[in-house]
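Both backbone and side-chain heavy atoms feed into the values below; hydrogens, waters and symmetry mates do not.
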Amino acid sequence: RHAEMAPLPSYDEVLVCTPDTEEEEVELLVRRALSPGSQDQKIYCLLGADKLVYKVSKQLESHFFRLVQSSSIPNYRFIIFCNAKAHNSYVITAFDAYKVTFPCYSKMEIQTYLKMHLKAPSGTAPVAQAFEEPYQQNVKFVFSEQAGMGK
């Protein structure tokens, strides 16, 4: 509950992984998380790390443990998000000792948090004015039951 006022992550804190994610991208995020000066309340995140190819996954493991051993930062903030059903992922195996279950939040709690943090300052987001809601937001999510229907 104390995280309700915590800000959304900035662009330099998150790497969304795909099978095309390169070793250099992963290494850069790990270095940011484990470098001096990284303790400025940022939380570095790898999202979908189970999608990394084997070679990049091995390099993630190597860079992470090498930097942890050589780092003087005791309280780094680095989170690796994986799909719990991706049993064949090297990342899940390599970091299994650090695994925690993510708490479940209700749809209402997530919506409330996003509404609070995605508001655009008045007069700065004309696209947000296209929606008829009383608040302006930087981001809108549009969901469709059918994929590829122009959304």
Side-chain angles (χ1 to χ4, degrees), residues 1-121 124-125 127-128 131 133 135-144 147-148 151:
R1 300 286 174 232
H2 65 280
E4 290 174 3
M5 297 307 295
L8 288 168
S10 62
Y11 73 93
D12 65 328
E13 294 175 77
V14 179
L15 176 62
V16 179
C17 300
T18 70
D20 297 324
T21 300
E22 297 179 2
E23 175 190 340
E24 292 80 17
E25 296 172 284
V26 172
E27 181 182 5
L28 180 60
L29 189 75
V30 173
R31 284 187 181 281
R32 283 183 192 146
L34 298 174
S35 296
S38 68
Q39 295 178 294
D40 53 1
Q41 301 304 312
K42 290 189 175 191
I43 301 174
Y44 296 91
C45 307
L46 277 176
L47 299 180
D50 53 285
K51 294 181 179 126
L52 294 172
V53 296
Y54 179 77
K55 180 181 175 188
V56 176
S57 297
K58 287 284 290 178
Q59 292 301 320
L60 164 62
E61 177 188 34
S62 173
H63 292 309
F64 177 79
F65 288 110
R66 181 176 44 80
L67 287 170
V68 163
Q69 290 176 354
S70 66
S71 177
S72 61
I73 300 171
N75 298 318
Y76 58 87
R77 297 172 179 217
F78 184 65
I79 302 173
I80 301 172
F81 289 94
C82 293
N83 182 344
K85 295 178 183 175
H87 301 294
N88 60 345
S89 167
Y90 183 83
V91 173
I92 292 175
T93 303
F95 293 92
D96 187 62
Y98 301 95
K99 182 172 68 174
V100 294
T101 302
F102 193 79
C104 288
Y105 293 99
S106 72
K107 182 178 178 180
M108 183 61 74
E109 288 174 310
I110 293 169
Q111 287 175 334
T112 302
Y113 176 84
L114 289 175
K115 283 179 183 177
M116 181 171 55
H117 290 285
L118 295 178
K119 289 182 180 178
T124 60
V127 173
F131 296 94
E133 298 176 29
Y135 49 85
Q136 295 178 341
Q137 296 182 338
N138 289 329
V139 177
K140 280 287 184 184
F141 292 96
V142 178
F143 296 95
S144 174
K151 300 211 176 351

About how many Å separate [atom2] of [Y] and [atom1] of [X], when rounded to the nearest 0.5 Å?
X: Ser89; Y: Asp96; atom1: OG; atom2: CG; value: 11.0 Å
X: Leu52; Y: Leu15; atom1: CG; atom2: CG; value: 7.5 Å
X: Tyr98; Y: Phe64; atom1: OH; atom2: CZ; value: 6.0 Å
X: Arg77; Y: Leu34; atom1: CZ; atom2: CG; value: 13.0 Å

Q. How far apart are the closest heavy atoms of Asp50 and Asn83, and which atoms are they?
A.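 In terms of heavy atoms, the two residues are closest at OD1-N, 3.0 Å.
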Notebook entry, point to check: What is the minimum heavy-atom distance between Val91 and Ala49, and which atoms define it?
Noted result: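 Closest approach of Val91 to Ala49: CG2-O, 3.6 Å.
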Residues 52-72 vs salt bridge (Lys or Arg N to Asp or Glu O under 4.0 Å), sequence neighbours excluded, gives none
Contacts satisfying salt bridge (Lys or Arg N to Asp or Glu O under 4.0 Å) that involve residues 8-27 (not counting sequence neighbours) are Asp12-Lys42, Glu27-Arg31
Is any side-chain heavy atom of [Y] closer than 4.5 Å to one of [X]?
X: Cys82; Y: Ile80; value: yes
X: Leu46; Y: Ile79; value: no
X: Tyr76; Y: Leu67; value: no
X: Val14; Y: Tyr44; value: no

Kindly assign one of parallel, tilted or perpendicular to the pair Phe95 and Phe65, based on the angle between their ring planes and the thresholds 30° and 60°.
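Ring orientation, 0 to 90° scale: parallel.
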Output all residues satisfying salt bridge (Lys or Arg N to Asp or Glu O under 4.0 Å) with Lys85, sequence neighbours left out; order by chain, then residue number.
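Counting only residues at least two positions away or on another chain, Lys85 forms no salt bridge (Lys or Arg N to Asp or Glu O under 4.0 Å).
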